[in-house]
Amino acid sequence: MYDVKSPNAREFISHEEIMATLAWVQENKNNSSLIGEILEKASEKKGLHHREAALLLTSGDNEKLFCIAREIKREFYGDRVVLFAPLYLSNYCVNGCVYCPFNAKNNEMPRKKLSQDEIRREVTALQDMGHKRLVIETGEHPGQNPIEYVLESIKTIYGIHHKNGAIRRVNVNVAAATTEDYRKLKEAGIGTYLLFQETYHEETYNRIHPSGPKSCFARHTEAIDRAMQGGIDDIGLGVLFGLADCVYEFVALLMHAEHLEAVYGVGPHTLSVPRIRRAQGVDESNFTHGVDDDTFARIVACLRISAPYTGIIISTRESGECRKKVLDVGVSQISGGSRTSVGGYDPPETAEDTRQFEISDNRSLDEIVNWLINIGYIPSFCTACYREGRVGDRFMKLCKTGQIQNCCHPNALLTLQEYLIDYAESDTRAAGERLISREILKITNEKTRTVTLENLEKIKKGSRDFRI
Ligand code: SAM
Ligand code: SF4
């Protein structure tokens, strides 16, 4: 039975409720007055229930939907786009996920785990690109990648200060863990804990996770609850699109977010929408639920409308063209200059044989920063909220009252200024300087504008790491 507050995965992600939602959507798909009412509600920018959102996803044209999504994005995120990169620490894995080449049965995949010295080299290379925010990635392997290895690696990463570089926020995408291990991750000072559900469709889940601890649907689906109970209130949910029907996944993803909000009073910090990619040794004929670009953009727009205060992440799995489209209707964070291999940053492009999947957007971080500026966005390397303790429900409260704008906009400009001086190519720097001069005028609070201007000057003189 559906119970949004239940601790049981099969009750808060109730298959019956999802099927009832899909049936309700079928019944109402031509009900233009109901669709109109939901669009009206969406325009109030307070989010939608999963049923309403599902009807919008499957009915009506793009124009009105994209227009509302764009307005919400503008109001809560302005033109800022936060940048990050993944760092693969180890591809040892005991699980059997059929979509992932790191699965234990793939004998063709060379196995590699970075030593702390190798991590230092990788992170130095990432700092030299200009990154300040990483997501660490590992396979699940209690012998090779125990929690102690992850904790030691986080400590190493935070401890590396190369020239003006520093990683100021380490997000973590590692396998489902115990409450106790989540507590340790929290104590290590992680930013967001990300765990993708892959698919919420239990039958599909069981089929594509034939072995290993991840094969237990309940253990995986309830992991975010354990993370919350372990004190991590900054959570990232995600679905790997292509495994099961995308409307089913969309509804379940929102139900998961509603569950967190109902039980802990705080929804997810981010939603990720990876689409499955070609990968070594992975039989693509297993996946018959591919999502086309137009539907993909509608999914992003409907997530933006349904969860206005939640960041949406898109990785380099997607092409530049697709990223531009979804940035327009909701995405707020993107990766850049990414490698999905273990040890792929130093030296660049080697270790390809350990790659998890092919990426589509192969541009360097500087090319992406330059591109973002040219298409009207403000690239941001900001990590201030988490370091100022503006996380979990505190962050949500600031978002909901619109106050977050007063910090995010100036912080984006300050961190962009650091990037321009320390890492940018000359044309990116020129374009970025012009952008900052224009954007500084949009800070309406006089005191904040003055402080930002003073700090921009200090950055030009060599100081770093200012935040509001
Ligand atoms: N091993 C952990 C886990 O599975 O939860 C954490 C990180 S895993 C390295 C990162 C994510 O890569 C997985 O959650 C999955 O969604 C995604 N992934 C795996 N194979 C993929 C593929 N062929 N194409 C796109 N994404 C893939
Ligand atoms: Fe292992 Fe994660 Fe890949 Fe599954 S998705 S095989 S758990 S690395």
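Whatever order the structure lists them in is the order used to number ligands and atoms, beginning at 1.
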For ligand 1, which atoms sit closer than 4.0 Å to a heavy atom of Lys214? 3 (C), 4 (O), 5 (O)
Does ligand 1 have any atom that is closer than 4.0 Å to a heavy atom of Val282? no
Heavy-atom distance under 4.5 Å between the side chains of Val247 and Thr58, does that happen here? yes
Using a cut-off of 2.8 Å, count how many protein N, O or S atoms are strictly closer to atom 4 (Fe) of ligand 2. 1
Quick check: His220 and ligand 1, any N/O pair under 3.5 Å apart? no
Can you find a non-hydrogen atom of Asn95 under 4.0 Å from ligand 1? no
Less than 4.5 Å apart, any side-chain heavy atom of Val266 and any of Leu260? no
Centre-to-centre under 6.0 Å for His209 and Tyr99, is that the case here? yes
Is there a side-chain contact between His256 and Ile224 (heavy atoms, below 4.5 Å)? yes
Taking CD in Gln229 as the centre, count heavy atoms belonging to other residues, nucleotides or ligands within less than 6.0 Å. Is the count above 12? yes
Measure the distance from atom 2 (C) of ligand 1 to every protein heavy atom, then report the residue, atom name and distance (to 0.1 Å) of the closest one. Thr138 O, 3.5 Å
Of all heavy-atom pairs linking Tyr2 and Glu11, the shortest is CD1-O, 3.2 Å
Within ligand 1, which atoms have a heavy atom of Ala279 less than 4.0 Å away? 23 (N)
The protein heavy atom nearest to atom 26 (N) of ligand 1 is Arg317 NE, 3.0 Å
Give the atom numbers and elements of ligand 1 that come within less than 4.0 Å of a heavy atom of Tyr99. 19 (C), 20 (N), 21 (C), 22 (C), 23 (N)
Hey, could you give me the CD1/NZ distance between Ile305 and Lys46, rounded to the nearest 0.5 Å? 15.5 Å
Any atom of ligand 1 sitting under 4.0 Å from a heavy atom of Arg278? no
What protein heavy atom sits nearest atom 14 (O) of ligand 1, and how far off is it? Glu198 OE2, 2.6 Å
Are His220 and Tyr205 close enough that their ring centres sit under 6.0 Å apart? yes
Describe, in one word, how the ring planes of Tyr248 and His15 are oriented to each other, choosing from parallel (under 30°), tilted (30 to 60°) and perpendicular (over 60°). tilted
Atoms of ligand 1, numbered as shown, that sit under 4.0 Å from any heavy atom of Asn173: 6 (C), 7 (C), 10 (C)
For atom 19 (C) of ligand 1, which candidate among Glu137, Arg277, Gln356, Gln197 holds the nearest heavy atom? Gln356
Within 4.0 Å of some non-hydrogen atom of Leu195, the atoms of ligand 1 are 5 (O)
Under 4.0 Å from a heavy atom of Arg275: give me the atoms of ligand 1 that qualify, with their elements. 25 (C)
Which bit of Pro274 gets closer than 4.0 Å to ligand 1, counting heavy atoms only: side chain, backbone, both or neither? neither
Any salt bridge between Arg226 and Asp181, counting N to O under 4.0 Å? no
Here the gap from Glu202 atom CD to Phe217 atom CZ, rounded to the nearest 0.5 Å, amounts to 5.0 Å
Can you name the nearest heavy-atom pair linking Leu185 to Ile190, along with the distance? O-CG2, 3.4 Å
What residue pairs, at least two apart or across chains, pass ring-ring contact (aromatic ring centres under 6.0 Å, His included) with a residue in residues 137-170? Tyr92-His141
